[in-house]
Amino acid sequence: MNRDKLIFERGAPDRRCVAFPAAVDSGTEIPETMRRDVPPGLPEVSELELVRHYTALSQMNFSIDTHFYPLGSCTMKYNPRVHEKAARIPQIAGLHPLSENAQPALQVIWEMEQVLKAVSGMDGFTFQPTAGAQGEFVGISLIAAYHKAQGNAKKVVLIPDSAHGTNPATAAICGYAVQAIKSTERGTVDVEDLKTHLTEDVAGLMLTNPNTFGVFEDEIEDIAALVHDVGGLLYYDGANLNAFLGQCRPGDMGFDVVHINLHKTFTTPHGGGGPGSGPVGVTKALLPFLPLPVVLKEGDTFKLDFDRPESIGKVSSFYGNFGMVIRALVYAKMLGAEGMRRTSEMAVLNANYIAAKLDPHYDRPKNAQPMHEMVFSASRQKRANGITATDIAKRLIDYGVHPPTIYFPLPNVAPETMLIEPTETESLEQVDDFIEAMIQIAKEAEENPDLLTEAPHATPVRRLDEATAARKPILRFKTNNP
Ligand SMILES: *Cc1c(COP(=O)(O)O)cnc(C)c1O
C-alpha cells in the first residue's frame, strides 16, 4: 500500500477510505490517544459533482456580486475586476516579502501615499494597518506618543455618542478614559456638550465626518479649534470618506490624524473579515512617530526607512496588506481627481434620492440633510404593529436586498435604526427597486405584519434565534456516513 497517498477502497460497502498507516517518522508520530479510531468519511464524488456542490454553496450567500448591499457605514461598492488583474501580476504578486529593495512595490506604496495625501490634506502615511480598526489603534497610539514626547500626561479621549464601536474600544485599549459627547436634534456633535468636557486632560477627539447619521459636521472648524485650544488632537475616522472624496479634505477641517479604509472608499474587496487596509495619515508634527518602516523617495529610487528613533514601532508584518494598496492605486489612477469628485457626488445623490422617496414611509430620527448614507427608524412601524428594524431587515432579504446596518447608531441614540448606504455604483433602476421594496414592506407592516415577523421566507435558512446562535453555537461536521 502506498503510504503517501490517500487510497479509496473502491466498492467497499461503506465507501470510506482506508486509514493512513502510522506516520513514518517516529519523532513526529501522533500520540496513540489522539489518533482517530474510524477513518475520515470522505465522500467519493466526481469533479462535476464537486463543482456543483461548491457552486450551490456559494449561491446560498449574499454578495455584492449577486445582490444590492446597502450596508450603511461600510461602503459596499463594486470592486472592479481590473484591480484583481493588477494585484495578480506575477512580478508583483510573487515578490518575496523580505526583498526590501523591490523598487516597483515601493513605488506603488509611495504613489498611493501621494494620492492619500492629496485627498486627505495630511503630510505622510503608513500603510501597515490592515483594517480601519487597526488604523484607529495606530492613530491613537501616535497621538499618545506625541503627547508623551511633549511631556504631557493626558487621560481622556472624547467620542460622540453616534460613533462606531471601534472608536471607544480603541481609545480604551490605548489606555484612555472615554467620554461620550451628545448629538443634537440635527445629528451633529453638540458643541455645548463638547465644551463641558474640554479640559487639559483631553488627549483628543475621535470623529467620523460625515458621522454615522450620514450628517456632515458643519461646525467642524469650531470643534477643531476648541479641541486644539486645550492641547488635544483630532482623529478622523475615514470610514465615510466616500461622501466627500475629492471635494474637501479632513486636513483642511483641522484633523491631525486620519485613517482611510481602502476596502471601503477605494473599492478593495471586503467582508468576511478581510483582507483590509487602513492606512493612517498624519500632519507634520506626528510624522516622527509613524510605524516602521516608512517608504521614502530619493531622486528616482525608493527605499524603506527604518531609522526613526521616535517611531511607535512595527504594527503588522511587512508592509500591511500590500495587495490592497495595488488595487486602490489602480482605482485612484482610473478615476483621477475628477472621477473621485464625481464618485462622491453620485454617492450623495443616490442617498438623498432614497431619503426623499422614503421620508413619507419611515421616520428619520435626525432631520439634517444626509450626505452618502441616512438613518431611518422603524419606530412608527413598531408603535403601530410591533414591527422592528430586524423584521424589516429580514423581509428585505426576500426582496433580494442585503439588510442595511441595523441598531447602529445605537438604540440609546435613536430607536430601531436602519443605516442605509447605496453607494455610487448602483444604477437608478436598482435604487428604484430598493425604494419600491421598502415602500412595499411599510405597507406589509400595516396589512400583514406576520409576513415581516416570520421573514425571511425565501432563504435556505429561515430566521435564526441570533442570541442563542451566538451564545450556544452548534458546530458540527456533517458526513454522509450512517
Ligand atoms: C467600518 C468602520 C470602522 C472600522 O473599520 P474596519 O476596516 O472595519 O476595521 C470604523 N468606523 C466606522 C464609522 C466604520 O464604518
Side-chain angles (χ1 to χ4, degrees), residues 59 61-79 210 212-215 239-240 242-243 264-265 267 270-271 342-366 369-382 387-409 414 416-449 451-453 455-459 463:
Q59 288 173 348
N61 213 340
F62 261 80
S63 92
I64 187 70
D65 287 345
T66 56
H67 296 89
F68 182 41
Y69 217 122
L71 195 62
S73 203
C74 288
T75 310
M76 301 295 287
K77 50 167 120 172
Y78 174 64
N79 310 137
T212 61
F213 286 111
V215 176
N240 288 346
N242 210 46
K264 295 180 180 175
T265 314
T267 62
H270 68 303
R342 183 118 182 95
T343 290
S344 50
E345 281 172 2
M346 292 307 290
V348 171
L349 181 62
N350 272 353
N352 276 269
Y353 179 70
I354 291 174
K357 293 271 190 179
L358 291 186
D359 263 342
H361 306 278
Y362 294 92
D363 291 341
R364 197 143 55 80
K366 300 294 177 184
Q369 184 170 356
M371 299 259 311
H372 70 306
E373 62 184 354
M374 86 246 45
V375 175
F376 276 106
S377 165
S379 49
R380 189 187 310 177
Q381 286 73 16
K382 191 166 184 187
I387 292 297
T388 63
T390 300
D391 298 329
I392 293 169
K394 299 289 183 195
R395 183 64 179 145
L396 268 172
I397 301 173
D398 290 333
Y399 283 87
V401 174
H402 189 283
T405 303
I406 53 174
Y407 300 105
F408 175 65
E416 299 295 331
T417 49
M418 299 178 282
L419 177 53
I420 295 165
E421 178 182 8
T423 81
E424 73 283 2
T425 57
E426 298 297 336
S427 66
L428 179 59
E429 288 76 12
Q430 175 61 69
V431 170
D432 276 336
D433 278 355
F434 169 69
I435 291 166
E436 199 42 52
M438 287 293 284
I439 294 174
Q440 205 57 39
I441 290 171
K443 266 199 206 120
E444 289 171 356
E446 284 173 20
E447 294 161 7
N448 191 359
L451 256 185
L452 275 67
T453 53
H457 301 268
T459 45
R463 189 182 299 208

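Heads up: numbering here begins at 1 and tracks the sequence. Not measured: the values here are computed from a predicted model.
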Cys74 backbone acceptor or donor facing His270 side chain under 3.5 Å: yes
Minimum heavy-atom distance between Ala378 and Met418, given as atom pair plus value: N-CE, 3.9 Å
Spacing of CD belonging to Glu444 relative to CG belonging to Leu451, to within rounding of 0.5 Å: 5.0 Å
No-hydrogen, no-angle side-chain donor-acceptor test under 3.5 Å, Tyr407 and Glu416: yes
Minimum heavy-atom distance Tyr78-Thr267, with the two atoms named: O-CG2, 3.3 Å
Parallel, tilted or perpendicular: ring planes of His67 versus Phe62, cut at 30 and 60 degrees: tilted
Heavy-atom closest contact (Leu452 atom, Arg463 atom, distance): O-NH2, 2.8 Å
Under 3.5 Å: donor-acceptor pair, side chain of Asn350, backbone of Thr423: yes
Residues Glu373 and Asn240: side-chain donor-acceptor under 3.5 angstrom: yes
Taking every non-hydrogen atom, the tightest pair across Ala351 and Met374: O-CE, 3.4 Å
Side-chain (Ser73) to main-chain (Thr212) donor-acceptor, under 3.5 angstrom: no
Residue pair Thr75 / Glu421, side-chain donor-acceptor N/O under 3.5 Å: yes
Residue pair Asp432 / Tyr353, side-chain heavy-atom distance below 4.5 Å: yes
Lys394/Asp391 ion pair, N-O < 4.0 Å: no
Thr405 side chain to Phe408 backbone, donor-acceptor under 3.5 Å: no
Arg342 atom CZ, neighbour heavy-atom count above 12 within 6.0 Å: no
Asn448 side chain to Lys443 side chain, donor-acceptor N/O pair below 3.5 angstrom: no
Pro403 versus Leu71, closest heavy-atom pair with distance: O-CD1, 3.6 Å
Test item: Arg395 side-chain N/O and Ala445 main-chain N/O as donor-acceptor pair under 3.5 Å: no
Asp433 and Tyr399: side chain donor to acceptor below 3.5 Å: no
Heavy-atom donor-acceptor pair, Asp398 side chain to His457 backbone, under 3.5 Å: yes
Check: Gln369/Asn352 side-chain N/O donor and acceptor closer than 3.5 Å: yes
Minimum heavy-atom distance between Phe434 and Pro70, given as atom pair plus value: CE1-CG, 4.2 Å
